[in-house]
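The chains referred to below are lettered A, B, ... by the order of the sequence lines, with proteins before strands, and numbering in each begins at 1.
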There are 2 protein chains.
Amino acid sequence: MKTVSAVELDGIDRKMLRLLQAEGRMTNADLARQVALSESACLRRLKALEAAQVIGRYAAVINERAVGLPISVFVTVTLASQAEAALTAFEQAVAAVPEVMECYLMTGGSDYLLRLVVRDVDDLERLHAKALTRLPGVNRVSSSVAMRTVVKRAALPV
Amino acid sequence: MKTVSAVELDGIDRKMLRLLQAEGRMTNADLARQVALSESACLRRLKALEAAQVIGRYAAVINERAVGLPISVFVTVTLASQAEAALTAFEQAVAAVPEVMECYLMTGGSDYLLRLVVRDVDDLERLHAKALTRLPGVNRVSSSVAMRTVVKRAALPV
DNA sequence: GTTGAAATCGGTAATTT
DNA sequence: AAATTACCGATTTCAAC
């Protein structure tokens with residue numbers, strides 16, 4: 001696996017990133033015009049950003065509501081042990097649950113924060129009982145439902 | 001503002017969405033081949049998905065570490081009041097903080113959950129003091145730092 | 001401080017798809 | 001029309017003198 005460390009970016013690079021976060025299918029010609037570079041210079045920079053994994057990929061951004069997954073649930077999970085093996089087992093298992101969109105290991109040692117997407121409360125209940133509490137090493141599981149998304153920023157503040 | 005409700009999707013639509021979440025710059029010809037449709041039929045479906053806002057946009061996916069924002073912080077905010085006006089004032093103000101990538105109103109009435117991205121702990125301290133605690137109507141602010149991202153799923157389970 | 005090699009960066013134009 | 005490559009010129013960096 002390739003861990004990517006911070007990269008030197010100038011103002012043009014940052015402008016390219018802002019534009020491409022808003023409109024990922026923009027043509028190179030358009031992009032070049034908006035950053036006031038020639039097409040070849042612009043493309044060279046773009047390829048460098050891709051090669052350095054500053055741009056990891058391009059993605060269609062899907063409306064969660066439109067595909068029937070309107071509810072985000074945040075789940076705090078505490079493990080019984082913080083032994084390396086326990087963490088690894090949990091992490092492998094949690095990554096295999098498709099509804100888990102994000103999972104973070106929080107400071108402190110053995111607490112995880114998850115964001116799930118679910119269809120409805122029945123779906124949440126099913127997941128809670130059938131998947132979450134059965135993950136290896138789990139001590140405590142606590143769920144909070146998001147009633148409404150207030151901010152979902154399209155672009156990083158680059 | 002256009003609120004999007006759930007849309008009927010068949011297996012081909014879902015396959016298109018999966019493919020485009022992984023590779024948003026795929027050409028229509030490629031996409032058509034992979035879902036075994038003609039290019040015109042494929043493009044018709046794609047345009048329909050875009051028009052229905054199932055696909056909201058296309059975006060370059062940026063590596064947060066590479067652009068120098070390697071730390072995610074989750075912040076719980078409790079407001080002093082749950083009056084409509086207090087919520088609105090808070091939400092407008094929080095949306096104006098660039099480091100706030102996400103903000104959710106949680107069930108229960110006046111608790112918000114935020115995800116911030118920061119450069120380092122100094123940056124977090126600065127934000128906490130200068131931005132978060134000064135947001136209108138804030139009663140209590142509690143931050144938890146993510147040590148590591150375990151899962152960041154590229155695609156919704158469609 | 002100047003010189004010169006090498007790297008960096010942009011542009012033009014030709015080629016490919 | 002768009003992407004890509006080849007080639008050239010300008011500028012910067014840096015080490016040796």
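Whole-Å rounding puts the A:Arg45 CZ to D:dT4 P distance at 18 Å. Taking atom OH of residue A:Tyr58 and atom P of nucleotide D:dA3, one finds them 11 Å apart after rounding to whole Å. What separates CG of A:Asp10 from C1' of C:dG10 is a distance of 12 Å, to the nearest Å.
Using modelled atom types, one finds no donor on one side chain facing an acceptor on the other under 3.5 Å when comparing A:Thr78 with A:Asn139. Checked by atom type, the side-chain pair B:Glu50/B:Tyr58 shows a donor-acceptor distance below 3.5 Å.
Under 4.0 angstrom from either OP1 or OP2 of D:dA3 there lies no side-chain N or O belonging to A:Lys47. Applying the 4.0 Å criterion to OP1 and OP2 of C:dT8, one finds that A:Arg44 has every side-chain N and O outside that range.
Shown here are the ring-ring contact (aromatic ring centres under 6.0 Å, His included) partners of B:Phe90, two or more places apart in sequence or in another chain: B:Tyr112.
To the nearest 0.5 angstrom, B:Met16 atom CE is 4.0 Å from B:Cys42 atom SG. Expressed to the nearest 0.5 Å, how far CZ of A:Arg115 lies from OG of A:Ser144 amounts to 14.0 Å.
Heavy-atom neighbours of B:Lys152 NZ from other residues, nucleotides or ligands within 6.0 Å: above the threshold of 12.
Of all the residues in residues 26-43 of chain A, A:Thr27, A:Asn28, A:Ala29, A:Ser40, A:Leu43 reach under 4.0 Å from DNA chain D with at least one non-hydrogen atom.
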